[in-house]
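To find a chain, count down the sequence lines: A is the first, B the second, and so on, and within it residues start at 1.
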Number of protein chains: 2
Amino acid sequence: MTDVAREVGVTAKTVSRVLNDEGPVAVETRERVLAAVTKLGYRPNLMARNMRVGARDATVGLVVPELGNPFYGTVAGGVEGAVRPRGLTLIVGSSGETAGHEQSLIATFLARRVSALIVVPAAAGDHRHLRSERVAGLPIVFLDRPAVGLTADCVVSANRDGARAGVSHLIAHGHRRIGFVGDLPAALYTRRERLQGYRDALDLAGLPFERALVETGHDPEAAGRATMRLLALADPPTALFAGNNLASMGVVVALSRAGRKDVALVGFDDLPLAEALDPPLTVVAQDPAAVGAAAAELALSRLDGDRSRARRTLVPTRLITRGSGELPPRT
Amino acid sequence: MTDVAREVGVTAKTVSRVLNDEGPVAVETRERVLAAVTKLGYRPNLMARNMRVGARDATVGLVVPELGNPFYGTVAGGVEGAVRPRGLTLIVGSSGETAGHEQSLIATFLARRVSALIVVPAAAGDHRHLRSERVAGLPIVFLDRPAVGLTADCVVSANRDGARAGVSHLIAHGHRRIGFVGDLPAALYTRRERLQGYRDALDLAGLPFERALVETGHDPEAAGRATMRLLALADPPTALFAGNNLASMGVVVALSRAGRKDVALVGFDDLPLAEALDPPLTVVAQDPAAVGAAAAELALSRLDGDRSRARRTLVPTRLITRGSGELPPRT
DNA sequence: TTGTAAGCGTTATCAT
DNA sequence: ATGATAACGCTTACAA
């Protein structure tokens with residue numbers, strides 16, 4: 001900046017004024033400064049600017065369990081799309097579902113003086129350590145799962161409603177015995193909410209809840225085994241509800257291997273090839289981009305001074321019927 | 001930092017020494033500083049540190065077409081995993097395959113003084129504007145596709161070899177007429193390389209190349225239509241090769257809708273549910289995490305002073321046989 | 001073992 | 001309409 005100033009024969013402050021459209025600058029000076037800027041290939045240094053101006057970096061820190069998971073990748077895209085128009089840049093890290101990694105990422109982001117923090121909590125995390133930042137006014141939004149040990153903003157899918165809708169759909173197609181292949185047991189929140197939605201649907205239909213029909217599969221393989229256990233019951237379910245995308249994949253693969261095309265299935269979370277499956281997969285789709293965008297908007301409103309109490313935003317899900325959820329019960 | 005210093009009764013410099021394990025510090029001073037740090041909840045300001053120390057921010061900027069695409073999400077995860085051990089943080093942006101967005105993201109990253117830049121070029125981009133940064137010594141690595149108008153480092157999948165292997169696999173299973181459903185025409189590089197691999201395989205087997213068997217589908221729907229056109233030919237192919245993941249999805253859906261389980265298929269890029277399809281999908285799998293990690297390693301070696309000339313790194317692909325590619329030709 | 005002074009690249013404040 | 005000076009939070013170089 002000094003170089004540009006010298007080139008033009010003015011002071012750094014004048015260059016600064018031109019670059020920020022601030023205060024009165026003579027038209028001619030302005031032009032000469034701009035010319036010198038391109039001539040010298042000068043680029044303003046955002047680090048220095050942010051440090052001087054707000055003491056905050058113009059970034060939003062995002063912590064996700066795993067960037068390669070399309071759900072979180074899309075969430076990240078949603079966050080980025082929402083913050084970029086505000087001139088904020090996204091910085092991300094993967095926690096690998098490990099509380100320790102999550103904490104060290106958060107510490108790095110805080111040291112960088114991010115303007116806001118958006119966190120998908122790792123399974124066994126604890127967020128009491130963020131209390132001081134919260135009272136200091138840093139916008140912190142939890143995404144997909146609520147914080148542990150901290151009252152804070154949170155944006156989640158309508159897990160319970162969505163699961164209820166999915167299971168009710170199966171019931172509407174005549175099913176009376178419906179198996180539940182669930183989430184990571186550690187990711188307590190989503191499993192609990194979705195299982196609750198499952199029970200809501202049974203209750204609404206006056207159907208009994210049977211513990212034997214509830215299984216856990218924390219990855220595709222485990223979900224596949226869970227599926228086979230359910231089908232081997234003396235009085236097996238005629239339909240299955242899969243509690244997340246990994247579980248859905250496991251159930252689909254297991255059914256396909258077993259050659260069972262007569263078992264109805266609704267999955268929570270959409271899958272890329274759902275339509276190409278046989279039968280095509282009916283799902284309760286989340287809207288990850290909308291979840292990310294909503295979290296970012298909430299963070300931005302906090303940044304704009306909204307000091308109202310912490311709120312939980314529910315992002316609606318959508319039932320997409322494709323075939324597997326409309327199969328009639330095997331007679 | 002001054003507050004901490006005052007609390008202990010020393011100078012900022014001493015606090016700095018403690019925090020950076022630099023120079024000799026009395027054990028007792030050290031302990032009192034550390035105590036004051038936790039007592040006051042002090043966090044070092046990385047912005048200020050980076051600015052003073054290297055004039056470079058301890059970040060790596062990554063530009064991808066679309067974060068929600070699992071391929072690029074996984075690439076981003078690979079980059080992050082490789083740079084984090086070096087104390088570098090990942091900042092990302094999506095170009096949406098738009099040259100303009102790509103340029104403005106890059107400009108932002110440069111203004112932030114990233115330590116290295118990794119770019120998946122948007123389809124119609126041009127990278128001459130980066131020449132000055134390159135000569136200034138900024139590590140710039142292009143990923144998945146080479147730069148346009150700039151000699152620079154580049155990490156790509158072994159597109160040509162992979163496609164040749166996939167098509168040769170079909171030939172080995174008796175196919176003589178193999179359709180190619182290709183990539184975005186705009187993403188010239190990958191389409192060209194993979195089509196070249198397709199031709200290599202035909203040449204090796206002494207089979208003729210027929211223009212009529214080469215179709216383009218830039219998204220699943222277009223790929224589906226392309227598939228139907230190929231199958232409607234007077235002398236239709238008995239096998240198809242899909243040039244990327246979106247094309248694969250389109251072909252799979254089209255074949256499934258048409259009830260054609262007799263057409264052999266090999267796709268470039270693996271898909272989450274490939275195994276659950278009927279028949280399970282044989283693919284030439286890329287390794288997106290390895291591509292990301294390789295690009296990061298290359299950037300880091302440049303950062304460490306490697307001034308050798310620009311190189312192109314090929315990351316091997318792997319043929320995963322699952323069924324669809326082993327179907328015999330329809331008689 | 002610790003301190004002092006200066007400076008990284010900006011902008012805020014107050015003058016001129 | 002422009003400039004001078006100080007300051008943001010830290011580290012480097014040199015002293016003490």
Side-chain angles (χ1 to χ4, degrees), chain A residues 1-37 40-59 87 89 107-115 136 138, chain B residues 1-37 40-59 87 89 107-115 136 138:
Chain A
M1 189 149 148
T2 323
D3 296 345
V4 173
R6 185 171 29 228
E7 171 87 11
V8 181
V10 294
T11 310
K13 178 72 231 198
T14 302
V15 177
S16 170
R17 285 202 179 91
V18 171
L19 265 30
N20 297 298
D21 284 315
E22 166 211 310
V25 177
V27 212
E28 199 221 326
T29 313
R30 194 186 144 70
E31 280 170 6
R32 286 171 50 216
V33 167
L34 260 27
V37 162
L40 300 183
Y42 163 78
R43 276 187 211 279
N45 184 324
L46 282 185
M47 266 195 294
R49 170 169 228 285
N50 288 329
M51 171 174 150
R52 175 67 240 229
V53 138
R56 289 269 133 216
D57 194 8
T59 51
T89 298
T108 307
F109 291 175
L110 292 176
R112 299 192 65 86
R113 302 297 191 267
V114 292
S115 294
L138 179 74
Chain B
M1 189 150 150
T2 323
D3 297 346
V4 174
R6 185 172 27 227
E7 171 86 12
V8 182
V10 294
T11 311
K13 178 70 235 196
T14 302
V15 177
S16 170
R17 285 203 180 91
V18 171
L19 265 30
N20 296 299
D21 284 315
E22 167 212 312
V25 177
V27 213
E28 198 222 328
T29 315
R30 194 186 142 72
E31 279 169 7
R32 286 171 49 217
V33 166
L34 260 26
V37 162
L40 301 183
Y42 165 78
R43 277 185 210 280
N45 184 324
L46 281 185
M47 268 195 293
R49 169 169 229 285
N50 288 329
M51 173 173 147
R52 175 69 238 231
V53 134
R56 289 269 133 214
D57 195 7
T59 50
T89 298
T108 306
F109 291 175
L110 293 176
R112 299 193 67 85
R113 301 297 190 267
V114 292
S115 294
L138 179 73

Q: Which residue lies toward the 5' end of DNA chain C, A:V53 or B:A12, if each is placed at its nearest nucleotide?
A: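 The residue whose closest nucleotide sits nearer the 5' end is B:A12.
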Q: Using whole Å, what does the distance between atom C1' of nucleotide C:dG7 and atom CE of A:M1 come to?
A: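 To the nearest whole Å, that distance equals 16 Å.
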Q: Atom CZ of A:R52 to atom P of D:dT5: distance rounded to whole Å?
A: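 It is 16 Å, rounded to the nearest whole Å.
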Q: Take atom NZ of A:K13 and atom P of C:dT16, then tell me their distance rounded to the nearest Å.
A: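 Taking NZ of A:K13 and P of C:dT16, I get 17 Å after rounding.
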Q: Rounded to the Å, how far apart are B:R56 CZ and D:dT11 C1'?
A: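 Roughly 18 Å, once rounded to whole Å.
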Q: Tell me the interatomic distance from A:M51, atom CE, to D:dC10, atom P, rounded to whole angstroms.
A: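 About 8 Å, once rounded to whole Å.
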Q: Students often get this wrong, so: under 4.0 angstrom with heavy atoms, is B:A26 touching a base, only sugar-phosphate, or nothing?
A: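 The residue B:A26 makes sugar-phosphate contact but no base contact.
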Q: Between B:R17 (CZ) and D:dC10 (P), how many Å, whole number?
A: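 Those two atoms, CZ and P, are 15 Å apart.
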Q: How many whole angstroms separate atom CD of B:E31 from atom P of C:dT1?
A: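 Atom-to-atom, B:E31 to C:dT1, this comes out as 14 Å.
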Q: In whole angstroms, how far is the P atom of D:dC8 from the CG atom of B:D3?
A: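 Rounded to whole Å, this separation is 11 Å.
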Q: Reckon A:R49 has a side-chain N or O less than 4.0 Å from the OP1 or OP2 of C:dG9?
A: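 No, outside the criterion.
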Q: Please work out if A:R43 contacts a base, only the sugar-phosphate, or nothing of the nucleic acid, heavy-atom cut-off 4.0 Å.
A: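 Sugar-phosphate, backbone atoms only, no base.
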Q: What nucleic acid atoms does A:T14 come within less than 4.0 Å of, heavy atoms only: base, sugar-phosphate, or nothing?
A: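 Answer is sugar-phosphate: A:T14 comes under 4.0 Å of backbone atoms only.
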Q: Quick one: is D:dT11 close enough that its OP1 or OP2 comes under 4.0 Å of any side-chain N or O from B:N20?
A: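 Yes, B:N20 has a side-chain N/O under 4.0 Å of OP1/OP2 on D:dT11.
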Q: Can a side chain N or O of A:T29 be found less than 4.0 Å away from OP1 or OP2 on D:dT2?
A: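 Yes, such a contact exists.
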Q: If you compare every side-chain N and O of B:T2 against the phosphate oxygens of D:dG9 (OP1, OP2), does one of them come in below 4.0 Å?
A: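 So the side-chain polar atoms of B:T2 never come under 4.0 Å of the phosphate oxygens OP1 or OP2 of D:dG9.
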